[in-house]
Every structure is written in structure tokens, then in C-alpha cells.
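Inspection log for the structure reproduced underneath, given as C-alpha cells.
Everything numeric here is computed off the predicted structure, so don't read it as measured data.
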Amino acid sequence: MITIKEIADQLGVSATTVSNVLNGRAGKMSQETRQRVEEALLRNHYVKEKKNNRGEPQHHLVAVHICLGKKKHVLTDPFCGGLLEGIDRELRKYDRAMVCGTVDDNESFAKVLQNSNLEGAILLGCKAEFCTALVHQIPIPIVFVDSYGEGFDNIGLEDYEGGYEMTSYLIGQGHRKIAFFGDQQHPMGSNLCRFRGLQDAMEEHKLEFDKDDYFYLPQHDNYRHEVLRQFAQNVKESGYTAAFFTSDFLANEAISIFYSQGISVPEDLSVTGFDDNIYARLSRPMLTTVRQKPEEKGKEAVGLLMRRIYGEEVPVGRMRLPTELIVRESVRNLADR
């Protein structure tokens with residue numbers, strides 16, 4: 001963050017002059033000088049240092065909280081890790097510190113945002129109805145990540161386009177019966193957008209897709225593994241030739257379980273993921289997936305939040321970052337058979 005001295009040097013005035021404007025002691029100063037200083041402070045996004053009751057500087061804190069239900073290892077998940085890294089790196093450019101944590105349910109977001117020292121918040125995993133309630137309930141700027149709705153700031157992704165492009169690729173490779181695996185019993189948010197992308201691509205090519213082609217993978221490891229084992233045992237009879245997973249982690253886990261059940265990828269079943277994180281590159285075979293960049297999401301979320309903190313007049317932001325199809329080894333071409 002720019003200093004008082006640097007602003008003074010820009011204007012050719014003393015640091016004391018800038019400090020006097022900041023602290024309301026510009027009574028004897030000319031109107032022209034005061035206006036120049038005020039404009040420079042605004043232009044450089046200078047925020048006056050806060051102090052506590054003992055006169056000690058207070059840190060500028062931004063809450064970054066995540067709600068992914070009962071999911072384990074949230075903070076070490078590659079997507080969440082990349083998002084947090086991008087947020088932290090960008091916040092430090094503005095001399096801000098991140099207060100990071102997880103909550104079990106959306107109702108808990110309001111509790112963690114009651115800290116009076118917070119300047120703003122970035123939240124992941126908030127349902128649209130809670131987003132709308134929070135922006136009216138909490139008096140600090142909030143930017144959401146991967147929440148879909150109206151009336152609040154959100155940094156999202158072209159999830160629908162990613163789902164559509166992946167499904168179109170599978171169809172182009174000769175696949176006509178595709179299973180979709182998600183970690184929500186009733187898909188919502190980004191998962192719903194990816195699922196709709198698949199459905200529309202299937203419909204466009206006059207291919208059938210019904211509710212039985214959607215497979216729910218529970219958070220509990222044993223239940224999730226059993227769903228995958230049952231699918232593998234019946235895959236040849238069912239006619240599925242491809243499986244589209246809503247994350248690289250789930251796809252990579254599935255490949256391992258399929259192998260234990262005698263199903264080889266891609267010889268017996270093609271498998272694709274979404275994210276293009278470390279799981280996609282460590283998978284064997286390497287995973288065909290849809291790339292997103294969580295670090296960029298974090299960077300854009302901070303940029304929008306800081307504009308809110310600085311009081312800039314900007315419309316409610318709903319940014320969607322692009323995706324990219326990454327073709328590797330986990331899809332078999334059936335078109336030429």
C-alpha cells in the first residue's frame with residue numbers, strides 16, 4: 001500500500017500536509033492544496049490506518065470462509081488451496097491479511113462475519129438465497145465465489161460451457177451413453193451448470209439422457225466407493241462407454257476403484273474430470289478434463305472486494321472466467337470403430 005510520504009512526493013508537498021488532510025487538520029490550508037491531497041488519496045486508494053484503544057495499529061483483515069458441507073480436507077483440496085493462494089497473494093498487495101476458515105452450513109457464515117475488525121469477506125459455497133440475505137444483514141462488502149444468483153457480487157466460471165464442451169468432445173469421439181457423477185444429490189451451483197451443459201449437448205445431438213444417468217457420490221468414503229463399485233460391476237451390461245465426473249478428485253478415485261473391479265480406462269470405459277489440478281496429472285492414464293484457474297478466481301475476487309472497500313461506484317459484479325478443454329489419455333475414440 002502506498003505511504004503518506006510517497007503521496008506527498010507525488011504532489012510536491014510535505015508529509016505533514018498530507019497527514020493534516022487525513023486527520024481533519026486542514027483549516028489553515030488553501031482549498032486548492034486540500035483538494036489536490038484529497039484527490040491523490042482517493043486516486044491511490046489510501047486507507048487511513050486504524051488503531052485500537054491502546055493506540056496500536058490494527059490489521060486490515062478480510063474473512064475468507066468456505067462451506068462445503070461435510071467434505072473432509074477442505075483446506076488441502078487443490079481447488080480450495082489454489083483459491084486461497086490467489087486470495088492471499090493479492091490481498092498482500094493491498095496490505096491486507098486473510099482470516100481463513102471453514103463452516104459446516106450456510107447459516108454459520110453470518111456468525112463468523114460478526115467480527116468488528118473485518119473490512120470485508122470472500123465466501124465460497126454459499127447458496128444464492130443465503131448470499132442475498134447476507135449482503136443485507138452484514139455491513140461489510142462481501143464477494144462470493146461460485147454462487148449463482150442476482151443482486152450480489154460473484155466470481156464464477158463458465159461451468160455450463162465447460163460441461164457442454166466436454167460432452168460434445170465425448171460425443172465426437174463416438175460415445176453415445178454417458179454417465180454423469182456429482183457430489184450433490186440434487187445438483188446446484190457450479191455442479192448444476194456443468195450438468196445442464198451435458199444435458200444440452202446430449203439433446204443437441206439427439207441422444208437420450210435421463211435421471212438414472214446421474215450418479216450421486218456421497219461424502220462418506222465407504223458409501224461413495226460402493227456406488228463406484230456397483231457402477232463398475234454393471235457398466236458393460238448398462239451400455240455406458242464414458243463417465244463424466246464433476247471433479248478431477250472424483251474421477252481419479254473412480255479410475256482406481258474401476259481397476260480393482262476389472263474395468264480398464266479407457267479400454268473399457270472412458271473417464272473425464274473437471275478442474276485440471278494435480279489429480280488430473282497424477283492419474284494413470286492422465287485425465288482428460290476441463291481446466292479452470294482457481295488462483296485467478298481468488299485474484300479477481302480480491303480486486304472486486306477492494307473496489308467495494310474503497311467505495312468505488314461499480315455495478316454489482318458477476319464475472320465468469322473461461323474454461324478450457326484439456327485432452328489427455330483417459331478417453332477412447334470409438335468414432336472410427
| Donor-acceptor pair, Arg96 side chain versus Lys93 backbone, under 3.5 Å? | no
| query | Is the shortest distance from a Lys or Arg side-chain nitrogen in Arg36 or Glu32 to a carboxylate oxygen in the other one below 4.0 Å? | reply | no
| task | Report the residues that fulfil side chain to side chain contact (heavy atoms under 4.5 Å, CB included) with Thr246, sequence neighbours left out, ordered by chain and then residue number. | result | Phe180, Asp183, Asn191, Arg194, Leu250
Which donor-acceptor pairs under 3.5 Å do side chains of residues 11-18 form with protein atoms, sequence neighbours excluded?
from  : atom 1 : to    : atom 2 : distance (Å)
Ser14 : OG     : Thr17 : N      : 3.1
Ser14 : OG     : Thr17 : OG1    : 2.9

| In terms of hydrophobic clustering (I, L, V, M, F, W, Y; side-chain heavy atoms under 4.5 Å; direct or indirect links), are Phe130 and Leu113 co-clustered? | no
| field | Main-chain N/O of Tyr279 paired to Asp248 side chain as donor or acceptor, under 3.5 Å | value | no
| Hey, is OH on Tyr259 packed in by over 12 heavy atoms from elsewhere, all under 6.0 Å? | no
| task | Of all the heavy-atom pairs spanning Ala251 and Val271, show the shortest one and how long it is. | result | CB-CG1, 3.9 Å
| said: In this structure, would Phe215 and Met166 fall into the same cluster of hydrophobic residues linked by side-chain contacts under 4.5 Å? | reply: no
| said: Please check: side-chain N/O of Thr132 versus main-chain N/O of Ala128, any donor-acceptor pairing under 3.5 Å? | reply: yes
| field | Check: Glu329 side chain, Met286 main-chain N or O, donor-acceptor pair, under 3.5 Å | value | yes
| Do Ile66 and Cys80 have side-chain heavy atoms sitting under 4.5 Å apart? | yes
| query | Side chain of Ser190, backbone of Asp159: donor and acceptor closer than 3.5 Å? | reply | no
| said: Angle between ring planes, Phe152 versus Phe144, binned at 30° and 60°: parallel, tilted or perpendicular? | reply: perpendicular
| Taking everything shown except Glu203 itself, do over 12 heavy atoms lie less than 6.0 Å from its CD? | no
| request: Decide whether Glu6 and Gln10 meet the rule of one side-chain donor and one side-chain acceptor closer than 3.5 Å. | output: no
| request: Of all the heavy-atom pairs spanning Pro187 and Phe195, show the shortest one and how long it is. | output: CG-CD2, 4.0 Å
| query | Does Asn106 reach the main-chain N or O of Gly125 with its side chain, forming a donor-acceptor pair under 3.5 Å? | reply | yes
| said: Assigning hydrophobic clusters by single linkage (Ile, Leu, Val, Met, Phe, Trp, Tyr; side-chain heavy-atom cutoff under 4.5 Å), is Tyr164 placed with Ile326? | reply: no
| said: Is a donor from one side chain sitting under 3.5 angstrom from an acceptor on the other, for Gln199 and Arg196? | reply: no
| query | Taking the six-membered ring for Trp, are Tyr240 and Phe231 parallel (under 30°), tilted (30 to 60°) or perpendicular (over 60°)? | reply | tilted
| remark: Sorted by chain and number, sequence neighbours left out, side-chain hydrogen bond (donor to acceptor under 3.5 Å, both in side chains) with Glu267 holds for none
| task | Examine distances only and state if a side-chain atom of Asn277 and a backbone atom of Phe79 form a donor-acceptor pair shorter than 3.5 Å. | result | no
| message | For the backbone of Glu253 and the side chain of His225, can you confirm whether one donor and one acceptor N or O come within less than 3.5 Å of each other? | response | no
| At their closest point, which heavy atom of Leu207 faces which heavy atom of Arg176, and how far apart are they? | CD2-CD, 3.4 Å
| Ile122 with Leu68, same ILVMFWY side-chain cluster at under 4.5 Å | yes
| message | Check this for me, if you would: do Lys293 and Asp276 make a salt bridge, where the nitrogen-to-carboxylate-oxygen distance has to be below 4.0 angstrom? | response | no
| remark: Heavy-atom nearest pair, Gly156 first then Lys297, reads O-CE, 3.8 Å
| said: Please check if the number of heavy atoms outside Arg318 that lie under 6.0 Å from its CZ is greater than 12. | reply: no
| Is a side-chain N or O of Asp104 found less than 3.5 angstrom from the main chain of Cys67, in a donor-acceptor match? | no
| message | Could you check whether Glu295 pairs with Arg89 (Lys NZ or Arg NE/NH1/NH2 to Asp/Glu carboxylate O, under 4.0 Å)? | response | no
| query | If you look at every heavy atom in Ile138 and Ala110, which pair is closest and at what distance? | reply | CD1-O, 4.2 Å
| note | Nearest heavy-atom approach of Asp268 to Gly262 is OD2-O, 3.7 Å
| task | Could you tell me whether Glu208 atom CD has more than 12 heavy atoms of other residues or ligands within 6.0 Å of it? | result | no
| Short side-chain to backbone donor-acceptor contact, Asp213 and Asp210, under 3.5 Å | yes
